[in-house]
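Below, chain A is the first sequence line, B the second, and so on; all start at residue 1. Every heavy atom of this structure was used, including side-chain atoms; hydrogens, water molecules and symmetry mates were not. Computed from a predicted structure; not experimentally measured.
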Amino acid sequence: MSDQKISSLLAGGVPVGDQVTVKGWVRTRRDSKAGLSFIQVHDGTCFDTIQVVAVNDLPNYADEIQKLSAGCSVICTGELVESQGKGQSVEIQAAAIEVVGWVEDPESYPVQAKRHSFEYLREVAHLRPRTNTFGAVARVRNCLAQATHRFFHENSFYWIHTPIITTSDAEGAGEAFRISTLDMVNPPRTESGGIDFSEDFFGRETFLTVSGQLNVECFSNSLSRVYTFGPTFRAENSNTSRHLSEFWMIEPEIAFADLNDDADLAENYLRYIFKAALDEHPDDMAFFAQHIEKDAVSRLEKFVESSFERMDYTDAIKALEKAPKKFEFPVEWGMDMQSEHERYLCEELCERPVVVMNYPKDIKAFYMRLNDDGKTVAAMDVLAPGIGEIIGGSQREERLEVLDARIAEMGLEKEEYWWYRDLRKYGTVPHAGFGLGFDRAVNYVTGIKNIRDVIPFPRAPKLAEF
RNA sequence: UCCUCGGUAGCUCAAUGGUAGAGCAUUCGGCUGUUAGCCGAAGGGUUGUAGGUUCAAGUCCUACCCGAGGAGCCA
């Protein structure tokens, strides 16, 4: 006799007739006047619950078992038997049920055995993992993270732990959160009246990272294939279903590579992790398809077998100009695409993720490689239906003089990037990489619309409870 | 931050300016090797907050708070 995972009991990993012990939480209880109760117990190891049958000759039947309600924690011991009822193949004929933790005041238990709105569940984020939806999201999210490391490991990438605390927010990625140990009421002042950050903990201004890219480029320029995977922070006051103040980003960087290599990598990577979700979590995925988004499984299957649509920015603009549709914002070459344009391309024109490549240089970051036309840079965005931009990447500018010209053009300080520029002085190579919003990938896979519902404890403007 | 919509029982939602209601959940009773079970009954409310208009406000007005969708920004 040993502790059993519900997943292995239901999957036939334990022979019928064995004594088993299951530890978990009650989802529902149904009593029968025949003198027995059916208790659905989940332990998070799989989507399904196991049915525990408790007969009224158990010593605690009347005072405990018949009082079990949703959320109670129990240890159930008994024989694994074939089920007499429909709906499950095996069940546990309980020899003993120990109640480990009761639910005080079952009426107000926040997670009842019924449908709750996502908005409500966000207010009880500490208990929402007990719902079947958030259990499924947590398992699939973990699967995608594990598959990410596996993919890069199998392809000879090294995981680089880039710093969380950084000194520069000038990458253009957005507002950064300041880190400081200065006395906020009475900070040290400079002669001109500003705050004197030379007195601060690090002797200068520091921030939470907005991207590990510049750091990880240093490692790609010596270890060839590297990636980061960690939390990233943006202090933007953006209140949407696609943004978080703290989110997880994956940033691979490959040396001796161009934009096409970068796009190939993005495709292979996404195909790999999507296949992992389909292969390893068919029950969770089936639930998403049934209750969250009906195409959840079919579109991933299609995706895994086919390739991305790839489109030049210039061709994308032509397609938008020809679109049988009026856009709020006019389409013209040189513009930064609006959400409505991106949506049209991936949701209506192609009906699948689209890679848009070679954007006008004026709307992209300084480190992106200038193309021979002198007008565009080797940048790409991967646009996913319902999510928008899921990946942003580029070939990096490896030519020092071109990089310096771009830094100047954008009004940035060359000295701030002295170590980044050094990479171009000492054995520079063409290299490329991208950033993938991991949480957005989880949105895409599960079909769940709001990014706040695919991360355990969302951080967003005015939202840092739990 | 802007635009639009919303906030009523534990949850999901009704209620023409005129007696605050239903379903689910909970409790109790009945039925049933049951499948978020079925039937019946009961308890459960400072209508987001603060003001205002009115004989009378859940409903109309003002401000604020919170939520959703869209936009901007991006991943």
Side-chain angles (χ1 to χ4, degrees), chain A residues 26-40 42 48-55 66-67 69-71 81-88 91 93 103 105-124 127 131-132 171-175 210-213 231-251 266 291 328-329 336-340 342-343 363-365 381-384 387-393 434-444 449-453 455 460-463 465:
Chain A
V26 172
R27 188 154 278 148
T28 64
R29 189 198 84 235
R30 295 180 296 277
D31 296 330
S32 167
K33 257 300 178 272
L36 62 163
S37 293
F38 301 93
I39 304 155
Q40 299 299 140
H42 67 99
D48 289 314
T49 53
I50 194 161
Q51 176 161 282
V52 176
V53 184
V55 187
Q66 283 199 302
K67 293 190 168 66
S69 61
V81 298
E82 283 181 24
S83 179
Q84 298 173 36
K86 293 173 195 145
Q88 61 280 317
E91 63 192 22
Q93 191 70 43
V103 166
D105 189 18
E107 177 170 357
S108 62
Y109 179 58
V111 182
Q112 294 161 1
K114 57 168 292 188
R115 226 192 145 97
H116 290 289
S117 67
F118 283 108
E119 296 81 35
Y120 167 71
L121 288 170
R122 260 170 238 154
E123 294 169 11
V124 288
L127 296 173
T131 63
N132 49 21
E171 197 231 309
E175 292 291 308
V210 295
S211 165
Q213 182 202 315
T232 308
F233 309 86
R234 304 274 167 93
E236 294 288 346
N237 185 19
S238 55
N239 214 312
T240 80
S241 58
R242 306 179 302 282
H243 293 87
L244 290 169
S245 307
E246 174 183 288
F247 63 100
W248 287 65
M249 189 151 68
I250 294 159
E251 295 172 289
H291 288 105
E328 190 189 335
F329 295 89
D336 206 355
M337 281 189 217
Q338 306 289 322
S339 285
E340 57 173 345
E342 297 182 346
R343 291 182 99 118
I363 58 173
K364 288 292 179 183
D381 282 353
V382 178
L383 312 175
I387 314 290
E389 187 183 340
I390 192 171
I391 285 179
F434 62 80
L436 171 126
F438 181 66
D439 313 276
R440 288 183 181 176
V442 182
N443 276 126
Y444 186 72
K449 301 269 185 295
N450 198 309
I451 199 164
R452 298 176 183 195
D453 298 324
I455 189 165
K462 303 278 162 60
L463 183 67
E465 187 86 47

> In dot-bracket, 5' to 3', how would RNA chain B read with Watson-Crick or G-U wobble pairs under 3.5 Å, [ ] for crossing ones and | for pairs to another strand?
Replying inline: (((((((..((((....[..)))).((((((.....)))))).....(((((..]....))))))))))))....

Please write out the pairs of protein N or O atoms and N or O atoms of nucleotides 25-32 of chain B separated by less than 3.5 Å, giving the distance to one decimal.
from, atom 1, to, atom 2, distance (Å)
B/A25, O2', A/Gln112, OE1, 3.4
B/A25, O2', A/Gln112, NE2, 3.3
B/U32, N3, A/Asp31, O, 2.8
B/U32, O4, A/Asp31, O, 2.7
B/U32, O4, A/Ser32, N, 3.4
B/U32, O4, A/Lys33, N, 2.8

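At a cut-off of 3.5 angstrom, the base of B/U34 holds at least one donor-acceptor pair with the side chain of A/Gln88. In terms of polar N and O atoms assigned as donor or acceptor, the side chain of A/His243 comes within less than 3.5 Å of the base of B/C74 in a complementary pairing. Counting distance only, with no hydrogens placed and no angle test, the side-chain atoms of A/Glu236 and the base atoms of B/G72 include no donor-acceptor pair under 3.5 Å.
Looking at the side chain of A/Asn450, the nearest of the listed nucleotides B/U12, B/C73, B/G69 is B/G69. Of the listed nucleotides (B/C74, B/G33, B/G10), B/G10 has the atom at the smallest distance from the side chain of A/Ser108. Closest to the side chain of A/Val53, out of B/A68, B/G33, B/C74, is B/G33. Here B/C11 is the nucleotide among B/C11, B/A36, B/A71 with the atom lying nearest to any side-chain atom of A/His116. Candidate nucleotides B/G10, B/G72, B/C74 were compared by shortest atom distance to the side chain of A/Glu389, and B/C74 ranks first. Among the nucleotides B/U35, B/G67, B/A71, the one closest to the side chain of A/Phe329 is B/A71.
Nucleotides B/C2 and B/C64 are separated by 10 Å at their P atoms, to the nearest Å.
OP1 or OP2 of B/U34 has not a single side-chain nitrogen or oxygen of A/Arg29 nearer than 4.0 Å. Put simply, A/Ser238 has no side-chain N or O that comes within less than 4.0 Å of OP1 or OP2 on B/C74. Not one side-chain nitrogen or oxygen of A/Thr240 sits closer than 4.0 Å to the OP1 or OP2 atom of B/G72. Contact annotation: A/Arg27 side-chain N/O to B/U35 OP1/OP2 distance is not under 4.0 Å.
Side-chain atoms of A/Gln93 and A/Val53, non-hydrogen and from C-beta on, do get closer than 4.5 Å to each other.
A/Lys86 has its NZ atom 8 Å from the P atom of B/U34, to the nearest Å. One atom, CD of A/Glu119, and another, P of B/C5, lie 18 Å apart when rounded to the nearest Å. Distance NZ (A/Lys462) to C1' (B/G67): 13 Å, rounded to an integer number of Å.
Between A/Gln338 and A/Asp381, the residue anchored nearer the 5' end of RNA chain B, judged by the nucleotide with its closest heavy atom, is A/Gln338. Of the residues near RNA chain B, A/Phe38 and A/Tyr120, the one whose nearest nucleotide (by heavy atom distance) lies more toward the 5' end is A/Tyr120.
Within 4.0 Å (heavy atoms only), A/Asn239 reaches at least one base atom of the nucleic acid.
When atom types are taken as modelled, the side chain of A/Glu340 and the backbone of A/Phe329 share a donor-acceptor pair closer than 3.5 angstrom.
A/Arg122 meets the side-chain hydrogen bond (donor to acceptor under 3.5 Å, both in side chains) test with A/Asp453; sequence neighbours excluded.
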